[in-house]
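Worksheet: one structure, shown below.
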Amino acid sequence: MTDARVVTAARMSAGQTGVVAAISGGHGLIGRLEALGIRPGKKIRKVSSAFMRGPVVVQVDRCEIAVGFGMAQRIMVKIE
Amino acid sequence: MKILLVGSPNVGKSVIFSRLTGVHVISSNYPGTTIGFTKGAMKLGNEQADVVDVPGTYTLEPTSEAERVALEMLRTGDVVINVVDATNLERNLYLTLQLLEKDIPVVVALNMWDDTKHRGINIDLEKLRAALEVPVIPTIGLTGEGMKQLVEALPQAKSPAHPPRTKEERWQAVGGIVEEVQQITHRHHTWMERLADASIRPFSGGAIAVVVLASVFFGVRYLSEGIINYVMDPLFNNLWAPVVLWLSDLMGGGGLLHDIILGSISGGEVDFIQSFGLLTSGLYVPFAMVLPYIVSFYLALGLLEDSGYLPRLAVMVDTLMHRLGLHGYAIIPTMLGFGCNVPGIMATRILESKRERFIAATLISIAVPCASLQAMIFGLVGERGGQYVLLVYAVLFVVWLGLGLVLRRIMRGFTPELLIEIPPYRVPAWSAVAQKLWSRVRGFIREAIPIVLGAVLVVNVLYTVGLFDAIADATAPVVTTLLGLPKESVAALAVGFLRKDVALGMMAPLGLTAGQLVVGSVVLAMFFPCIATFVILLREIGISGLLKATGIMVVAALATGGILNLILS
């Protein structure tokens, strides 16, 4: 665990990949993200982020998902 | 028998629905095209079966309004066709497993089957059938492949009645199945995927958005003007005008009936815009001025929808939309509103909260001119110079922005965050685009033309009995002093309640200056929705919402018109 860094999806840089470690949020948020395939253990790639805390686009299972900045801050990702 | 089409958003349920029933519903390449539900019928053997296109849902745990509707409908069905996106097996199978736990027979349609091959996905159908214990039929909704087999498999639909699982167990089961049936071979990125990435990155995405929107705007105008100049005007001037003149002679060249049917004709020439009879302006305005814009706009919109660009645009404008109390997805109802406010306002259902829906619906009805009105703006204001047309658009954009900023502040509540799936780009299928275009154009002809003719008739009758003059005199102070328009234009503003295209047409004979025409167009666009929009607002945001929106509308229209008048005169 020494070199494994955990950051939020909001702070990942574009092109970086990792594995979802946890989602720190309530039931509702976890459920909505899970339904779109974002759940612990899944490989995740950051595609892009926008200016001024705009939405973050991530890729899970070849599928791109736009996530609001606040939600992206709750997705914990272990960088590989 | 009642067949339910159930599946995640944007897996092609509506396309399969159209294939099964022959009822054409609007389908596009973004999640949430089907709001509410559509019902149709099909022949199954000798029996008639009802088919229901259930709104897309990711799970059967009701987290949103659409999902609650889907769950409710599940209780009423006899058999489920679970439409699954074959290119996204893992995420889609979660819903499938939930369905298999329910007491209802299921058939799985493995849709977008053709896409799996060039995306390097290999699915073992036999193993999948064994794992799910129900029929699994590969389908290609767009071409109709697999539909026959799907229908034939319906009697074999089974309810394996899997024991209920917890969420974790279900995801684990999904993982196990996917591991077993799916193989993915690595392949290189296609140019479409590169473009997909570029269109959501801050700089390149912004540039692409500007290029796309500008091409739509100028492309629509170019195509429409082409249709008007090379098809419609020659038709009316060379073929229809002689008929009108002949009729005019026949009816004695004047009189009440003559003026209602043919309008005022003088000097042996027909002015199709100004004459204002049922068979002159009543036909020319909708067919020669508006229809070309309807066709071009919906062609462009259809291409945008089916390409999968709109959700990317939603990402690009999300930050801006948050300033207005909306999130990026509200750009989709807004774009639809540029065609006609009615479907635009209906599409606000894809937004989560009541507050968002109110803001979006109000902004659309006030600051988004429909294609009919835009056609008339291009036709009449455009004659005086392109800069005036741009001025109208610029003013409406500022109003949209300003009003949104204000509404966000005064409406209590918060703006939910964007969370949407971005579909891959697809090259739109011409047959699908043409189908959609035709169904929308047919809708315009069926619904708009009778109202246009009715409006022209009413206008002529009211002029004859002198009612407009009475209204004009009564409201003259507001219109003449505040807006700087001649008092006769009151009649046009009143007719705006019926049809805004006819209303702007009524301003043509008043001899307005370019500035007055700009004020007239802007006020007409903002002031009071047309009757169809009015009805839909009532249905979608309720009576109190409608009253609030109307109040905002009247104040904003008069204020903007007044300020514009001060600047321009």
Side-chain angles (χ1 to χ4, degrees), chain A residues 8-17 19-77 80, chain B residues 8-9 31 57-59 61-64 67 85 87-92 94-95 119-121 167-168 170-172 174-175 178 184 193 196-206 311-312 314-323 327-329 414-424:
Chain A
T8 69
R11 295 197 56 185
M12 287 169 84
S13 42
Q16 220 171 18
T17 59
V19 173
V20 178
I23 289 161
S24 60
H27 242 53
L29 177 66
I30 292 178
R32 287 179 71 197
L33 289 174
E34 261 182 357
L36 288 162
I38 304 173
R39 58 198 161 86
K42 295 296 291 188
K43 264 189 114 156
I44 189 169
R45 182 175 80 93
K46 169 105 163 225
V47 178
S48 71
S49 47
F51 301 122
M52 301 182 2
R53 299 164 72 87
V56 165
V57 179
V58 296
Q59 187 186 30
V60 178
D61 283 340
R62 297 177 309 282
C63 195
E64 288 184 358
I65 295 148
V67 184
F69 193 83
M71 286 188 207
Q73 282 178 314
R74 295 169 172 276
I75 305 172
M76 305 308 209
V77 179
E80 286 175 328
Chain B
S8 298
T57 171
Y58 290 108
T59 72
E61 292 130 24
T63 53
S64 75
E67 289 173 352
D85 174 358
T87 63
N88 254 313
L89 204 52
E90 172 157 353
R91 229 185 43 205
N92 280 260
Y94 183 86
L95 176 66
R119 290 173 135 241
I121 302 166
K167 223 156 70 173
E168 286 72 30
R170 217 175 281 131
W171 278 120
Q172 215 156 34
V174 169
V178 170
I184 293 176
E193 283 163 327
D197 278 2
S199 55
I200 43 176
R201 283 204 199 100
F203 287 110
S204 52
R312 293 175 170 82
V315 172
M316 293 314 300
V317 298
D318 186 61
T319 313
L320 168 72
M321 300 295 265
H322 266 277
R323 302 270 175 281
H327 65 53
Y329 220 36
F414 69 101
T415 310
E417 283 193 275
L418 185 72
L419 179 63
I420 51 164
E421 180 183 345
I422 302 176

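Reminder, nothing fancy here: chain letters follow the sequence lines and each chain counts from 1. Scope of the values below: all heavy atoms of this structure, side chains included, with no hydrogens, waters or symmetry mates.
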Quiz prompt | Student check: side-chain heavy atoms of Phe51(A) and Thr319(B) closer than 4.5 Å | solution = no

Quiz prompt | Which portion of Glu34(A) sits near chain B, non-hydrogen atoms under 4.5 angstrom | solution = both

Quiz prompt | Worked check of salt bridge (Lys or Arg N to Asp or Glu O under 4.0 Å) between Glu90(B) and Arg39(A) | solution = CA-CA 12 Å; Glu90(B) 172 157 353; Arg39(A) 58 198 161 86; 2.5 Å; yes

Quiz item: If you count heavy-atom pairs under 4.5 Å with chain B, which of Gly41(A), Gly37(A), Ala50(A), Pro55(A) comes out on top?
Solution: Pro55(A)

Exercise. To the nearest 0.5 angstrom, please state how far the CD1 atom of Ile38(A) sits from the CZ atom of Arg91(B).
Key: 9.0 Å

Practice problem: Look at Gly54(A), Cys63(A), Ser49(A), Ala14(A) and state which one has the largest set of heavy-atom pairs under 4.5 Å with chain B. | Solution: Cys63(A)

Quiz item: Hey, are Asp197(B) and Arg45(A) close enough for a salt bridge, meaning a charged N less than 4.0 Å from a carboxylate O?
Solution: yes

Quiz prompt | Choice from Trp171(B), Phe203(B), Tyr58(B) maximising heavy atom contacts with chain A below 4.5 Å | solution = Trp171(B)

Self-check item: Rounded distance (nearest 0.5 Å) linking atom NZ of Lys167(B) with atom CD1 of Ile30(A)
Solution: 7.0 Å

Practice problem: Kindly indicate whether the side chain of Val57(A), heavy atoms from C-beta on, has any atom under 4.5 Å from the side chain of Arg201(B). | Solution: no

Exercise. Measure Val47(A) against the heavy atoms of chain B and call it side chain, backbone, both or neither at under 4.5 Å.
Key: both

Practice problem: Heavy atoms only: give me the nearest Ile200(B)-Ser48(A) pair and the separation to one decimal. | Solution: O-OG, 3.3 Å

Quiz item: Measuring heavy-atom distances to chain A, does Ser8(B) have an atom under 4.5 Å in its side chain, in its backbone, in both, or in neither?
Solution: neither

Self-check item: Side-chain (Arg62(A)) to main-chain (Asn88(B)) donor-acceptor, under 3.5 angstrom
Solution: no

Self-check item: Residues, nucleotides or ligands: over 12 heavy atoms within 6.0 Å of Glu80(A) CD
Solution: yes

Practice problem: Would you mind telling me which of Pro202(B), Ala314(B), Ala196(B) has the largest number of heavy-atom pairs within less than 4.5 Å of chain A? | Solution: Pro202(B)

Quiz prompt | Residue Leu89(B) versus chain A: region with a heavy atom under 4.5 Å | solution = neither

Quiz item: Within a strict 4.5 Å, meaning less than it, do heavy atoms of the Leu419(B) and Arg32(A) side chains meet?
Solution: yes

Quiz item: Contact part of Ile184(B) toward chain A, heavy-atom cut-off under 4.5 Å: side chain, backbone, both or neither?
Solution: side chain

Self-check item: Glu64(A) side, atom CD; Glu421(B) side, atom CD - distance, nearest 0.5 Å
Solution: 10.0 Å

